[in-house]
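Data block below; observations after.
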2 protein chains.
Amino acid sequence: MVNANQSYIKQCFPVLEERLYQEIIETCSYHEFPSSTYVVKQGAYLNFLPVVLKGQIKMYAEEEDVQFLLYYINSGESCILSFNHLFDPKPVQFSAITEEDTVVMTLPVAKVKEWVIRYPTFARILISDFQRNFEDLLRTTKEIVCFGIEDRLIKYLENKCKRGNCNQVHLSHKQIALDLGTSREVISRITKKLEKAGVLAQQKRYIELLQA
Amino acid sequence: MVNANQSYIKQCFPVLEERLYQEIIETCSYHEFPSSTYVVKQGAYLNFLPVVLKGQIKMYAEEEDVQFLLYYINSGESCILSFNHLFDPKPVQFSAITEEDTVVMTLPVAKVKEWVIRYPTFARILISDFQRNFEDLLRTTKEIVCFGIEDRLIKYLENKCKRGNCNQVHLSHKQIALDLGTSREVISRITKKLEKAGVLAQQKRYIELLQA
DNA sequence: AGAAAACGGTGATTTTGATCACCGTTTCCC
DNA sequence: GGGAAACGGTGATCAAAATCACCGTTTTCT
């Protein structure tokens with residue numbers, strides 16, 4: 001298992017000095033999470049850098065008894081889960097929940113700070129991963145503000161299909177509602193409407209997106 | 001004037017190797033913008049890193065004929081205006097508009113990439129500025145989603161006062177509406193309501209926040 | 001001074017989505 | 001097999017905010 005994890009590290013950090021790679025292997029620790037569990041809870045203080053080696057995680061904002069999906073973190077590129085606590089010991093402002101069985105590697109913050117200075121490519125990886133997160137968050141924000149729920153639901157389903165590489169979405173209306181920060185009834189109504197419009201078909205246990 | 005700008009650079013990058021400081025001075029160029037002008041327009045391709053040396057800039061999202069305020073960039077700490085185009089030549093996803101007379105320094109992307117590798121502290125500044133922007137964006141997103149306009153207006157005014165260091169806001173209802181992504185009538189009604197509630201007082205040409 | 005433009009107030013109406021209430025079906029589990 | 005829990009559908013109602021329409025005042029510009 002450890003060997004598998006080591007190969008995941010190479011995938012996450014494609015261009016990495018061999019010495020840094022060795023250091024990472026020596027200092028990291030691995031954590032496995034089943035699907036639908038919290039990896040990070042909003043408000044927690046982290047003293048490590050979490051990296052998604054395998055699987056998929058969704059980032060959630062939780063505020064005032066409303067919660068909603070911010071963006072996804074995948075293994076492979078752009079796999080660093082959180083940065084904001086790196087240089088400033090503040091509680092994280094979001095939660096991270098696994099979407100599937102997931103392996104997370106943690107690196108001590110002190111080491112990471114050191115590596116940013118010592119290994120230029122490491123800093124660069126951090127920056128570009130960070131950029132990706134920022135872009136994802138900005139896109140989500142715009143969608144929330146500028147689009148109605150119907151459009152957002154369609155985008156959400158399309159996105160699910162793309163990332164699952166099939167045109168079925170195996171989620172209950174309630175789970176979808178949670179991700180979109182709304183209620184089950186609203187999702188029920190819109191899916192019905194979209195079904196009539198021929199955008200999707202609702203099977204017993206899943207939703208199927210039609211059209212290209 | 002150039003001398004003044006050079007001292008602003010020191011303020012923006014408090015801990016900077018002397019050699020890098022010299023390199024920056026040699027390669028940068030300065031641009032002055034009057035208040036309320038576009039520094040960066042959403043959709044543009046930038047081949048430089050913009051840094052706010054003096055003044056204040058607001059970041060705007062523009063989408064589907066809706067636009068709204070994302071966060072502010074100030075001179076001093078956390079003054080880097082945009083990163084996302086750094087390692088990936090994509091159009092920027094927001095606009096930047098001056099709030100007051102502002103001086104912006106631009107650094108060629110190629111140089112910046114080089115410096116990230118050669119000067120560890122430069123990478124670190126980039127990362128921590130980036131963190132700040134991310135946090136600001138996340139806070140804004142949460143506020144938009146979780147709070148009603150009334151609360152958001154109050155926060156907005158409080159924020160204006162804090163950053164202007166006085167309890168007056170010299171903006172028309174229309175301008176406020178634009179920042180909050182709503183319409184003038186809505187702001188008019190709410191300010192009236194808040195006036196009656198004793199939260200603020202509307203003078204001829206400005207709004208005055210009461211209470212602490 | 002006078003016209004034009006910007007500003008602010010306010011009523012009426014509409015739209016979107018949230019919430020409540022209720023009910024039949026399906027699935028899960030003991 | 002049977003009961004509980006989760007699921008999905010749908011009508012009714014409500015609330016927040018957007019939109020439209022109109023009007024008087026203030027400011028700006030020539």
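Hydrogens, waters and symmetry mates are skipped; everything else that's a heavy atom, side chains included, is used. Being a predicted model, the structure only gives us computed values, none of them experimental.
With rounding to whole Å, B:Glu185 atom CD is found 16 Å from C:dA6 atom P. Summarising the geometry, the separation between NZ on B:Lys174 and C1' on D:dA18 is reported as 16 Å, rounded to the nearest angstrom. When rounded to the nearest whole Å, the span between CD of B:Gln203 and C1' of D:dT27 equals 17 Å. Residue A:Leu153 contributes atom CG, which lies 15 Å from atom C1' of D:dG8 at whole-angstrom precision. The separation between A:Leu200 atom CG and D:dG8 atom P is 13 Å, rounded to whole Å.
In this structure, A:Ala96 and A:Ile57 approach most closely via the heavy-atom pair CB-CG2, 3.7 Å.
Not a single donor-acceptor contact under 3.5 angstrom links the side-chain atoms of A:Arg189 to the base of C:dG17.
The shortest distance between the side-chain N/O atoms of B:Ser183 and the OP1/OP2 oxygens of D:dT19 is not below 4.0 Å. Between B:His173 and the phosphate of C:dG9, there is a side-chain N or O to OP1/OP2 separation shorter than 4.0 Å.
Judged by the 6.0 Å and 45° rule, A:Lys10 forms a cation-pi pair with A:Tyr21.
No salt bridge links A:Asp129 with A:Arg132; every basic N to acidic carboxylate O contact stays at or beyond 4.0 Å.
Within the 4.5 Å cutoff, the side chain of A:Leu81 has heavy atoms near those of the A:Met59 side chain. For the pair B:Ile125/B:Leu16, a side-chain contact is recorded, criterion being any heavy-atom separation below 4.5 Å from C-beta on.
Among the protein residues, A:Ser172 comes within range of the sugar-phosphate backbone only, with heavy atoms under 4.0 Å from sugar or phosphate atoms but none that close to a base.
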Short heteroatom pairs, N/O only, protein and nucleotides 22-26 of chain D, under 3.5 Å:
from: D:dT26; atom 1: OP1; to: B:Lys204; atom 2: NZ; distance (Å): 3.4

Pick out the pairs of N or O atoms, protein on one side and nucleotides 13-17 of chain D on the other, that lie under 3.5 Å.
from: D:dA17; atom 1: OP1; to: B:Ile149; atom 2: N; distance (Å): 2.8

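We find the CG-CD distance between B:Leu53 and B:Gln6 to be 10.5 Å, quoted to the nearest 0.5 Å. For the atom pair CG of A:Leu210 and CD of A:Glu195, the computed distance is 9.0 Å after rounding to the nearest 0.5 Å. In this structure, OH on B:Tyr30 lies 4.0 Å from CD1 on B:Ile9, to the nearest 0.5 angstrom.
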